[in-house]
**Student:** 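Mind having a look at this structure? Questions to follow.
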Amino acid sequence: MRQPLPVIAPVPDRQAEPVRLDSVDRRLIDLYQRGLPLTERPYASMAKTLGISEGDLIYRLERLCELDVIGRVGAVFDHRRAGASELVAVAVPERDRDAYAAVINRCPGVNHNYAREHEFNLWFVMTAPDETCLELRLTRLEQELKQPLLRLPMVEGYHIDLAFAIPWDSLEAS
């Protein structure tokens with residue numbers, strides 16, 4: 001079985017003011033958009049490579065997430081091999097969208113929850129250890145939301161590589 005691809009994922013279309021990053025932050029982002037160490041203590045391994053302490057590395061990751069420089073730190077799995085997953089959409093009243101999103105986000109296995117400008121205005125991926133568990137989770141969520149879920153099982157998988165070569169020099173010039 002193929003190993004998971006751990007990633008640090010940049011936040012797309014960032015609208016906030018520029019954030020100052022030091023050389024360690026930049027190296028952290030450059031080195032670990034792909035290939036975080038698959039070890040018992042990955043943060044310690046990363047910190048050693050960067051020449052900083054594990055605590056400093058964790059602080060930097062938390063700070064970069066809080067500043068929306070990175071969107072997540074975690075593994076990317078082929079869920080068809082590691083269990084079951086499904087893309088799901090739901091149409092909720094726009095005024096209550098955040099409340100519905102909070103309910104969805106509390107469910108086990110939910111990730112990639114996004115608001116969309118569409119009749120179905122919340123889209124998310126739910127994962128589970130197997131199809132039976134996935135079906136149970138989705139059924140419970142549908143009952144809790146009191147809204148029908150549009151279930152979109154994957155027909156064909158695509159790998160989208162979201163690692164970016166960041167031109168640090170040109171960013172500083174602007």
Side-chain angles (χ1 to χ4, degrees), residues 1-88 98 101-116 122-131 133-134 137-138 141 154 156-174:
M1 177 169 20
R2 200 170 133 193
Q3 290 291 327
L5 303 170
V7 297
I8 293 178
V11 174
D13 299 325
R14 194 170 179 286
Q15 299 294 320
E17 290 295 315
V19 175
R20 294 224 181 266
L21 304 176
D22 66 19
S23 62
V24 176
D25 289 334
R26 293 174 184 180
R27 285 184 55 224
L28 172 60
I29 292 167
D30 285 342
L31 288 172
Y32 296 108
Q33 286 189 55
R34 290 189 193 96
L36 272 77
L38 293 176
T39 64
E40 187 175 326
R41 297 194 50 203
Y43 296 133
S45 298
M46 293 165 65
K48 183 177 180 181
T49 299
L50 293 167
I52 61 176
S53 72
E54 183 179 19
D56 187 25
L57 180 110
I58 292 168
Y59 167 79
R60 286 171 182 275
L61 289 173
E62 289 172 345
R63 178 181 161 269
L64 292 169
C65 284
E66 287 170 8
L67 293 171
D68 286 338
V69 172
I70 57 177
R72 67 182 288 273
V73 179
V76 176
F77 294 92
D78 180 346
H79 289 284
R80 292 172 300 164
R81 294 181 180 193
S85 68
E86 196 160 286
L87 176 63
V88 182
D98 290 347
V103 171
I104 293 166
N105 289 341
R106 284 194 302 269
C107 293
V110 167
N111 59 54
H112 297 59
N113 190 0
Y114 295 103
R116 298 282 188 234
L122 284 177
W123 292 69
F124 59 94
V125 174
M126 182 175 282
T127 62
D130 55 49
E131 292 292 337
C133 182
L134 179 64
R137 287 177 178 180
L138 289 170
L141 178 60
M154 182 171 29
E156 186 173 343
Y158 296 92
H159 173 73
I160 301 171
D161 186 357
L162 293 178
F164 301 96
I166 301 172
W168 297 112
D169 294 338
S170 65
L171 289 174
E172 286 183 355
S174 57

**Student:** Does any non-hydrogen side-chain atom of V88 lie less than 4.5 Å from one of I104?
**Tutor:**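 Sidechains of V88 and I104: no contact.
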**Student:** For residues A84 and E131, report the shortest heavy-atom separation together with the two atoms involved.
**Tutor:**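 Looking at all heavy atoms of both residues, the closest pair is CB-OE2, 3.5 Å.
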**Student:** Working to the nearest 0.5 angstrom, can you tell me the gap between M46 CE and L36 CG?
**Tutor:**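 Those atoms lie 4.5 Å apart.
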**Student:** For C107, enumerate each residue passing the side-chain contact (heavy atoms from CB on, under 4.5 Å) test, keeping only those at least two apart in sequence or located in another chain.
**Tutor:**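 Per chain and number, C107 pairs via side-chain contact (heavy atoms from CB on, under 4.5 Å) with V110, M126, L141.
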**Student:** Can you tell me if T127 uses its side chain to pair, donor with acceptor, with the backbone of S85 under 3.5 Å?
**Tutor:**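 Not a single qualifying donor-acceptor pair exists.
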**Student:** Any side-chain heavy atom of L21 sitting closer than 4.5 Å to one from L64?
**Tutor:**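 A side-chain contact exists here, since the closest heavy-atom pair is under 4.5 Å.
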**Student:** Would you say L61 and Y32 make side-chain contact, with heavy atoms under 4.5 Å?
**Tutor:**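 No; the side chains remain at least 4.5 Å from each other.
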**Student:** If I take atom CG from residue L57 and atom NZ from residue K48, how far apart are they, to the nearest 0.5 angstrom?
**Tutor:**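 One finds 14.5 Å between CG of L57 and NZ of K48.
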**Student:** Atom CZ of R26 and atom CG of L50: how far apart are they, to the nearest 0.5 Å?
**Tutor:**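 Between R26 CZ and L50 CG, I get 14.0 Å after rounding to 0.5 Å.
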**Student:** If you take all heavy atoms of L122 and A101, which pair is closest and at what distance?
**Tutor:**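 Residues L122 and A101, closest heavy atoms: CD1-N, 3.8 Å.
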**Student:** Which residue pairs pass the salt bridge (charged side-chain N to carboxylate O under 4.0 Å, His left out) test when at least one of the two sits in residues 53-62, sequence neighbours left out?
**Tutor:**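 Checked against salt bridge (charged side-chain N to carboxylate O under 4.0 Å, His left out) - neighbours excluded - the pairs reaching residues 53-62 are D22-R60, D25-R60, R41-E54, D56-R60.
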**Student:** The criterion is side-chain contact (heavy atoms from CB on, under 4.5 Å); which residues satisfy it with R116, sequence neighbours excluded?
**Tutor:**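 Partners of R116 under the side-chain contact (heavy atoms from CB on, under 4.5 Å) test: Y114, H118, W123.
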**Student:** Might you point out which heavy atoms bring V73 and C65 nearest each other, and give the distance in Å?
**Tutor:**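 Nearest heavy atoms, V73 then C65: CG2-SG, 4.5 Å.
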**Student:** Please list, chain by chain and in numerical order, all residues satisfying side-chain contact (heavy atoms from CB on, under 4.5 Å) with T39, sequence neighbours excluded.
**Tutor:**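 T39: side-chain contact (heavy atoms from CB on, under 4.5 Å) contacts with P37, P42, S45.
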